[in-house]
Amino acid sequence: MTSKKVIELFYDVVSPYSWLGFEVMCRYRHVWNIELKLRPAFLGGVMQGAGNKPPGLVPNKFLYMTKDLNRLSEYFGVPVQAPSDPFEAMFQKVGNSALHQDSGGTISLLSKANNLWRRIWSEDKDITAPASLSEAAMKAGLSDSEIKEVLKLSTSKEIKDKLKSTTQCALDHGAFGFPLVVCHVNGKPEVFFGSDRFELMAHCIGERWLGPQPDKPTAKL
């Protein structure tokens with residue numbers, strides 16, 4: 001077997017499209033010959049650094065997004081739906097961004113990120129208050145002592161600096177939003193934005209695209 005291709009996934013749990021990209025890339029970790037590196041970052045910093053406008057500032061874009069999420073939920077098999085105030089969820093309550101920037105490893109990142117996304121984009125719940133974060137961490141399977149340590153780490157300078165560094169790395173790759181997928185092929189980074197470029201990505205890295213749910217019997221052959 002040839003060496004695994006390194007793929008970096010930059011995301012933020014305040015982005016519903018990041019959730020879709022996250023789920024698909026995690027499903028393909030064991031389908032494609034890849035090493036997936038999760039790179040949680042700060043969407044607000046990327047938007048500002050790239051001079052991009054949030055969907056809430058472009059009325060037609062915002063209306064399209066809220067309708068589009070319903071279609072995408074069924075297609076991707078992810079229970080995403082717009083909260084009561086999507087703009088607030090994405091761009092006003094962003095204090096959680098550092099929560100999953102710890103050294104807990106891939107499984108820890110998978111569990112915490114997934115539960116934070118579910119709280120915002122499926123259950124319409126808060127993710128900024130300590131009690132909310134503790135509940136999300138508990139559902140992710142962390143013990144009381146681990147939860148206390150994670151909450152402490154999330155406000156530390158070390159973790160904030162790491163978040164800032166990862167965000168800048170995304171900007172250096174040309175990010176203007178999330179999710180951002182960087183495939184390292186033959187020493188060259190191939191950059192893909194959004195949750196609708198997986199078929200093209202598969203072509204570029206020499207893998208087969210089997211649809212957003214590759215384990216389903218109806219997956220493309």
Side-chain angles (χ1 to χ4, degrees), residues 9-27 29 38-44 46-47 54-57 61-102 104-155 159 163 177-180 194-196 212-213 215-216:
L9 173 65
F10 293 85
Y11 64 93
D12 189 331
V13 294
V14 300
S15 162
Y17 293 98
S18 281
W19 190 9
L20 300 174
F22 181 93
E23 293 292 343
V24 170
M25 290 309 305
C26 288
R27 292 167 184 171
R29 280 191 306 153
L38 301 176
R39 305 294 302 274
F42 179 35
L43 177 61
V46 162
M47 297 287 282
L57 299 181
K61 188 176 182 180
F62 182 75
L63 289 173
Y64 177 83
M65 183 191 78
T66 55
K67 294 178 181 179
D68 195 40
L69 289 177
N70 292 328
R71 296 179 297 206
L72 292 169
S73 176
E74 180 181 357
Y75 178 65
F76 281 89
V78 178
V80 59
Q81 59 183 359
S84 55
D85 191 338
F87 184 77
E88 179 186 49
M90 292 181 72
F91 298 104
Q92 293 180 358
K93 291 187 174 182
V94 295
N96 66 287
S97 298
L99 177 67
H100 47 294
Q101 273 280 8
D102 70 336
T106 299
I107 300 302
S108 178
L109 284 170
L110 289 172
S111 298
K112 284 183 289 181
N114 193 281
N115 276 280
L116 289 172
W117 264 307
R118 284 182 178 277
R119 286 186 69 85
I120 307 175
W121 294 103
S122 187
E123 303 170 359
D124 195 9
K125 293 181 179 179
D126 174 69
I127 63 164
T128 57
S132 300
L133 295 175
S134 295
E135 183 179 345
M138 186 178 299
K139 287 185 177 180
L142 275 69
S143 65
D144 289 342
S145 60
E146 289 173 325
I147 291 172
K148 289 180 180 178
E149 182 64 21
V150 167
L151 291 176
K152 181 180 178 181
L153 279 172
S154 69
T155 59
I159 295 302
L163 183 70
F178 286 151
L180 187 80
S195 54
D196 58 353
Q213 302 182 65
D215 293 333
K216 290 187 67 173

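Nearest heavy-atom pair, Pro16 versus Val80, reported as atom, atom and distance to 0.1 Å: CB-CG2, 4.0 Å. Taking all atoms of both residues into account, the shortest heavy-atom contact from Gly21 to Ser195 is N-CB, 4.1 Å. Counting all heavy atoms, side chain and backbone alike, Ser73 lies closest to Val78 at OG-O, 2.6 Å. Between Pro212 and Val24, the shortest heavy-atom contact is O-CG2, 4.1 Å.
Remark: the backbone N or O of Leu116 is not paired with any side-chain donor or acceptor of Trp121 at under 3.5 angstrom. Put simply, the side chain of Arg118 never gets that close to the backbone of Glu123: no donor and acceptor are under 3.5 Å apart.
Considering OH of Tyr75 and CG of Asp68, their distance stands at 12.0 Å, rounded to 0.5 Å. Here the CD atom belonging to Gln81 is positioned 13.0 Å from the CD1 atom belonging to Ile120, to the nearest 0.5 angstrom. Taken from CG in Leu180 to OH in Tyr11, the straight-line distance is 13.5 Å, to the nearest 0.5 Å. To the nearest 0.5 angstrom, Gln213 atom CD is 9.0 Å from Asp215 atom CG.
Val13 is not listed as a side-chain neighbour of Trp19, based on a closest heavy-atom distance of 4.5 Å or more. Two residues are said to be in side-chain contact when any heavy atoms from C-beta on lie closer than 4.5 Å; Leu72 and Tyr17 meet this criterion. Proximity of Leu9 to Pro179: side-chain heavy atoms (C-beta onward) are separated by under 4.5 Å at one or more points.
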